[in-house]
Amino acid sequence: MRGYVLKKVGWSIGTLLFVVVFNFFLFRLLPGDPIGLYTRGRNMSPDQLIRLRQQLNRPIGEQFITYLSNPFASTINSTRFNRPVWEIIGERVWPTVLLVGTAVLVAALAGVWLGIRSGWRRGSRFDRVTTGTTNTLYAMPEFWVGMMLIMWLPFFPSGGINSVGVTGFLPTVVDTAWHLVLPVTALAIVYLAEYTSIMRASLVDELRQDYLTLARAKGLREDLVRRRHAVPNALLPTMTLIFLNLGFVIGGAITVEYVFSWPGLGLLTAEALRGPDIPLLQAVFLLFSLGVIVFTLLADLLYAVLDPRVSTQ
Amino acid sequence: MSLLELRDLSVTYAGDVPAVRGVSLSVAPGEVLGVAGESGCGKSTITNAVLRLLPKSATVGGSVLLDGEDVHGMSFGRLRAVRWATASIVFQGALHSLNAVRTIGRQIAEPILLHEPKTSRKAADLRVGELLEQVGLPARRARDYPHQLSGGQRQRVMIALALACRPRLVIADEPTTALDVMVQAQVLQLLSGLVKDLGLALVLISHDLSVLGTTCDRVAVMYAGKVVEEGPASVVFDDSRHPYSGALAGAFPRVGDPRFRYAPAGLAGDPPYPGDLPAGCPFHPRCPVAFDRCSEAEVELLDVGAGRRAACLRAGEAS
Amino acid sequence: MSALAARGVHVRFGAARAVDGVDLEIGSGEIVALVGESGCGKSSLARALLGLVRPVRGTVECADRPLDYRRLKEFRRHVQLVLQDPSGSLNPRHTVYEAVAEGLRIHKVPGDERELVAAALSKAGLRPPERFFLRYPHELSGGQRQRVVIAGALVLEPDVLVADEPVSSLDASVRGEILALLLRLRTELGLSLLVVTHDLGLAWNIADRVAVMYLGRIVETGDTARVLTSPRHPYTKALLSVVPEIARQDPIVLKGEAPDPSRIPAGCRFRPRCPAYAAGLPAELAERCEKETLPVLPADRGHHAACVLP
Amino acid sequence: MTAIAWQRRRATASRFWADFRSHRSALVGLGILLFFGLVAVFASVLADPAGLDVTKATAPAHAAPSGDHWLGTDQNGRSVLTLLIHGTRVSLIVGLAATAIAIVIGTVIGIMAGFYGGWARSTLMGLTDWFLVIPFLPLAIVMATVLGASLLNIIIVIGVTSWPGTARLVCAQTLSVRERPYMERARALGGGDWHQMTRHILPNVMPLVLAHVVLTVSVAILSETTLSFLGLGDPTRPSWGYILDNAYGTGAMSNGEWWFVLPPGLCVVAVVLAFTLVGRALEAVLNPRLREGS
């Protein structure tokens with residue numbers, strides 16, 4: 001167990017290093033004038049330009065070392081907002097966590113339930129309908145779902161996180177929840193498809209196993225066979241996969257936040273694109289990668305805790 | 001009275017594949033019955049038929065009487081009550097038959113708590129410890145997970161599990177396959193001891209006739225879904241009346257017997273696929289002593305004296 | 001002259017001393033059975049003899065010349081392999097013809113490929129061979145598959161065949177035929193044969209000599225009839241006693257399972273499970289069991305046992 | 001003998017087709033793909049490419065569907081149907097070409113890593129894991145920004161961000177094939193690395209890869225749509241995502257211009273779903289683990 005944890009933590013650190021280095025060179029080793037890239041389409045004061053030129057004209061090795069000493073402390077301001085990038089990002093984290101967290105929770109609960117029902121009765125009408133629906137939902141771009149929702153459900157707010165003029169704690173909460181409905185639906189629909197198929201596949205995998213025959217032979221009722229043996233065992237890989245997905249899910253929120261003008265990291269990314277605002281993009285990219293690494297590590301650790309085959313090794 | 005009685009049992013799988021074609025067998029308490037045969041002869045289907053664990057698509061004919069009651073006529077509630085409490089199974093492939101993410105103790109306790117709901121958790125744990133010691137494992141292994149045990153130890157756990165509800169009949173399906181000879185000897189010794197101590201009825205299923213010959217009271221040899229020879233274990237192994245039993249016995253030669261030195265005994269051809277059986281006696285294409293009548297009609301089991309039956313037209317002539 | 005020999009071979013996998021010093025010879029036209037429980041190192045020894053794993057110490061000799069690992073391909077024409085599981089040893093996407101011709105193509109053997117393949121299939125008992133050319137492995141029975149594997153080895157006209165548990169995954173009634181085929185190959189083609197098995201009955205069936213392996217070493221070796229009728233090593237005695245048989249002496253069932261080859265005990269490696277030692281030995285003998293490292297048994301034709309007991 | 005060999009191959013192919021045909025949804029998928037394939041090939045015949053040119057558009061902007069423009073017009077007065085028809089071509093080209101890149105990289109790396117093991121595997125799979133960790137969409141966005149918007153760049157971006165999944169799958173399959181006894185037999189016969197890889201590993205890995213290819217195409221098409229929607233597509237080659245981008249940018253949803261929003265999305269769903277259905281069916285037919293018996 002200790003060895004396993006150490007191995008995973010070591011791997012995460014290695015990956016983090018890779019991402020940090022990759023992030024640096026991806027933006028520096030591009031063809032063309034870096035200044036042009038960093039300032040494209042921006043009006044900058046001569047002062048700013050001089051500072052930027054000083055930074056970018058240093059030898060690449062030196063820049064790299066400065067960067068490595070603290071990759072999260074970008075010395076270059078956002079060209080769009082003209083403020084330190086991490087300050088801007090800090091403001092945008094919570095809306096994304098709220099949106100993605102709610103969507104994942106809803107989708108995971110519903111997806112696991114649907115997956116269990118359709119996997120247990122493989123080939124039934126319910127299963128066929130569920131599988132067909134999830135395949136279709138999976139094929140939908142989430143931003144398109146969002147656009148359709150805006151078009152057809154006009155009584156929900158089509159953008160933003162709060163209406164103008166709402167004050168007080170409770171009214172704000174209610175108002176935010178009201179604003180959450182459409183973006184959460186758009187995201188959850190797509191995740192739902194994924195979680196359902198993961199849960200179904202891992203349950204179907206379990207159904208093949210001999211230990212379920214033994215459970216039946218012991219005299220267990222079918223629903224006990226399912227609840228006590230098949231489902232807990234199938235939940236193991238599902239939970240891990242859901243956790244593993246969390247890191248990527250944030251990336252998927254980009255278009256939905258953009259469509260709904262939800263002031264989170266996704267919208268920030270889309271804003272950074274129109275420019276493009278390279279320092280901001282770089283920072284956002286690093287943050288997303290970090291998120292995936294952290295959640296991958298958490299998924300591995302969760303698996304170790306849940307599966308005795310790892311924890312008792 | 002016999003504890004388990006199969007009366008003309010037949011099982012046909014989906015796609016018209018007859019796996020078992022009219023088998024009648026019985027076991028009394030304290031008796032060990034061996035069922036021998038090769039892959040596809042239907043021996044494992046019998047195991048599953050006894051506790052009605054066959055897939056829904058299978059059609060079952062004849063009857064399985066457990067304590068005089070037909071298993072296939074029971075209500076589901078009654079069936080669940082009978083499963084494991086009256087008869088239990090030692091499945092082959094212990095690794096896959098155990099739930100990998102539950103401790104052995106919990107898996108053994110599960111049927112106890114299920115069939116004797118008044119048992120306290122503590123009493124169940126105590127009983128689990130006893131059971132483990134009975135099969136030669138220390139009680140503390142109850143806290144282990146299946147992957148922490150060796151193949152032989154897992155097989156012992158399977159046996160402890162089968163004894164959990166004090167059943168009167170245990171069916172062991174290839175309990176020693178994939179085990180080393182020495183571990184195989186340990187497991188067989190354990191099973192024989194349990195039969196003696198607990199007065200169990202034991203059905204031992206194996207492809208190895210020599211194993212059955214030494215462990216069982218009576219042996220039934222199966223071929224293509226039917227019993228082709230039945231009788232006291234040692235005589236079937238030593239002096240078989242059906243040429244197929246003879247070949248099976250010869251496949252595991254007696255070390256030291258000059259008759260087998262440089263003379264491996266085997267049969268030409270292969271066991272038939274259950275969905276495509278030859279006409280007449282299904283064994284006749286491989287039979288060294290077949291003659292023209294063998295391909296005409298299937299031969300029923302004939303009495304050949306001293307509690308022995310064989311399904312061969314030449315059974316009377318042998319030896 | 002020996003067709004294939006191991007001289008002081010040691011094979012390691014990490015900390016596990018899978019083969020821990022073995023001398024073994026397979027004479028020309030001889031059938032030797034290498035017997036032991038799983039994990040005793042018998043399969044590793046067989047793979048070392050085939051040049052599939054390289055011993056950390058010791059040499060493998062083919063026709064009295066040490067094996068040159070830079071010229072393995074040439075060596076492969078002399079020594080061929082037959083594996084336990086015939087369904088796994090054939091590529092499911094190759095026809096019988098392709099499976100048998102594979103060796104010919106690898107070695108660019110001159111001559112009519114079709115005729116050579118047909119001849120090999122006939123030798124392995126698949127007649128008429130043309131009927132099998134275009135079959136896929138899944139269309140054959142277990143016995144037929146094993147014959148195809150044997151034909152694939154025979155097509156290179158080797159001098160030695162190493163068979164690892166050649167019949168243990170076959171149906172009981174089919175085994176005899178495959179063993180009979182191996183015996184026939186010896187008499188008709190003069191093949192030498194090393195059969196790796198856990199089954200003493202199989203050794204009795206076909207082997208001239210038998211070597212019993214325990215925890216990386218050969219503990220008893222000699223003529224099959226002598227070793228199996230009057231065994232000298234307590235381990236051989238125990239193994240023989242548990243062969244299921246009617247009317248035999250009481251079985252000596254050893255406790256525990258095959259021990260870990262990464263932790264070989266000092267002194268006699270069998271001592272922790274030895275019934276003779278457990279029953280109590282004279283102090284002088286017992287001390288030798290505990291302390292003395294027994295020499296590697298010689299590879300000659302005599303009957304030897306690695307035990308301090310007479 | 002070659003005649004019989006061909007006969008056998010034909011028999012194998014027809015058995016495969018029979019298996020495949022038993023999945024009704026896969027036939028539906030195949031039909032949809034055939035339809036869109038024909039549309040892509042004959043795009044210029046079905047709709048005059050001149051209709052894509054903003055300067056030549058004569059119809060009123062934001063017009064509802066009519067006899068002239070079955071699916072109405074966009075903000076520049078171009079026929080949405082014309083855009084859709086030509087968008088089919090872009091979506092399919094990007095999907096197929098990007099997949100080809102991903103599959104080639106993934107298969108080569110996967111087989112190398114799986115076959116050689118040890119040092120080579122640690123390095124190659126470590127690299128794969130790293131690329132797997134980088135969130136796909138942000139990476140694609142960054143790369144597209146950096147490389148600039150063109151059809152070729154979009155293909156490259158999607159291609160080089162999609163290979164790690166393939167490499168993982170191929171490596172796992174190679175590892176399992178490598179442990180089969182017939183590999184040991186091939187070594188004992190004297191077969192070298194090249195022989196083992198080409199004669200044994202590749203034929204046993206390819207079927208799985210084939211099913212995966214089809215699924216990768218559907219992901220690639222979705223990615224293309226997303227990138228184009230974010231304005232990273234080639235502005236001279238309108239794709240379905242580009243239409244949606246324009247629809248969103250000109251407020252088509254709040255104006256109730258359903259003809260501007262609904263059709264491009266439906267096209268994406270139809271094509272992606274079709275590839276998914278075909279891929280799943282191929283998986284079921286080709287992957288013996290999912291098959292009963294045999």
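Naming: A, B, ... by sequence-line order, numbering from 1 per chain.
- Of the atoms belonging to B/L248, it is side-chain heavy atoms, and not backbone ones, that fall under 4.5 Å from chain C.
- Interface residues of residues 181-199 of chain C toward chain B, defined by a heavy-atom distance below 4.5 Å and sorted by number: C/L183, C/R186, C/H198.
- Note: B/L267 CG to C/S173 OG = 5.0 Å, rounded to the nearest 0.5 Å.
- Tested against B/V181, the residues C/L239, C/L200, C/V35, C/V243 include a single side chain to side chain contact (heavy atoms under 4.5 Å, CB included) partner, C/L239.
- In B/H96, the NE2 atom is not crowded: 12 or fewer heavy atoms of neighbouring residues, nucleotides or ligands sit closer than 6.0 Å.
- Taking C/L228, C/T224, C/L202 one by one and counting their heavy-atom pairs under 4.5 Å with chain B, the maximum is reached by C/T224.
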**Request:** Might you work through the side chain to side chain contact (heavy atoms under 4.5 Å, CB included) test for C/I206 and B/F260, ending with a clear yes or no?
**Result:** CA-CA 9 Å; C/I206 65 167; B/F260 292 100; over 6 Å; no
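- Most heavy-atom pairs under 4.5 Å with chain B: of the set C/A180, C/A203, C/A207, C/G143, this distinction falls to C/A207.
- Smallest separation of non-hydrogen atoms from C/G176 and B/P264: O-CB, 3.8 Å.
- B/Q153 touches chain C through backbone and side chain together, each having a heavy atom under 4.5 Å away.
- Both the backbone and the side chain of B/Q186 come within less than 4.5 Å of a heavy atom of chain C.
- Proximity to chain C (any heavy atom under 4.5 Å) is restricted, for B/F252, to the side chain, taken from C-beta onward.
- Only the side chain of B/Y244 comes within less than 4.5 Å of a heavy atom of chain C; its backbone N, CA, C and O stay farther away.
- Looking at C/A238, both its backbone and its side chain come within 4.5 Å of chain B, counting heavy atoms on both sides.
- With a 6.0 Å radius and a threshold of 12 heavy atoms from other residues, nucleotides or ligands, C/R226 has its CZ atom at or below the threshold.
- At distances below 3.5 Å, at least one donor-acceptor pair connects side-chain atoms of B/D180 with backbone N or O atoms of C/S38.
- Under the 3.5 Å distance criterion, the side-chain polar atoms of C/W204 are matched with a main-chain donor or acceptor of B/D257.
- Minimum interatomic distance between C/L254 and B/M182 (heavy atoms only, all atoms of both residues): N-SD, 3.4 Å.
- Under the 3.5 Å distance criterion, the side-chain polar atoms of B/R261 are left unmatched by any main-chain donor or acceptor of C/N205.
- C/V174 places a side-chain heavy atom less than 4.5 Å from the side chain of B/R286.
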